[in-house]
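To start, the structure itself, in structure tokens.
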Amino acid sequence: AFLEMALVSKDPELIRQETDACNANPMSMCKAYYRQVRNATDAEIAACSKLRVLLIRGDGDGIVSASDMEALAQALPRSTSATVANAGHVPMLEGPGRVA
């Protein structure tokens with residue numbers, strides 16, 4: 001179910017690669033990571049406010065919503081946001097030429 005939410009690509013090699021990566025990573029680690037990100041304190045976000053950050057998501061991302069990315073962009077004033085067409089949660093794999 002995770003990959004169906006994460007990928008737009010139907011490339012069988014990419015799907016195999018990401019399936020292998022998900023199977024090698026215990027979901028407890030993934031859940032802990034997303035819980036940590038979701039619960040970042042204002043102080044933790046403020047500590048990053050002077051960093052230049054590029055936020056990238058695919059327009060078909062089922063993991064990070066457009067509104068979540070916008071909220072993070074607003075919290076990081078030096079950030080730049082980009083949405084990659086026809087990509088999901090891993091646009092750097094689904095369209096590397098469009099992200100580079």
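All values reported here derive from a predicted model rather than from experimental measurement.
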Spell out, as yes or no, whether a donor-acceptor pair under 3.5 Å connects the side chain of Arg98 to the backbone of Pro91. no

Going by the rule side chain to side chain donor-acceptor pair (under 3.5 Å), which residues pair with Gln17 if we only count those two or more places apart in sequence or in a different chain? none

By side-chain contact (heavy atoms from CB on, under 4.5 Å), which residues pair with Thr19, not counting sequence neighbours? Leu3, Ile15, Asn23

Separation of Thr80 OG1 from Ile56 CD1 (nearest 0.5 Å): 10.0 Å

Mind checking what makes side-chain contact (heavy atoms from CB on, under 4.5 Å) contact with Leu55, not counting sequence neighbours? Val53, Met69, Leu72, Ala73, Ser79, Ser81

Write down the atom of Ser49, the atom of Ala75, and the distance for their closest heavy-atom approach. CB-O, 4.4 Å

Nearest heavy-atom neighbours spanning Glu18 and Leu93: OE2-CD1, 3.1 Å

Got a sec, which residues hit side-chain contact (heavy atoms from CB on, under 4.5 Å) with Val8, two or more places apart in sequence or on another chain? Glu94

Which pairs pass side-chain hydrogen bond (donor to acceptor under 3.5 Å, both in side chains) with one or both residues in residues 5-16, sequence neighbours excluded? Glu13-Arg16, Arg16-Asp20

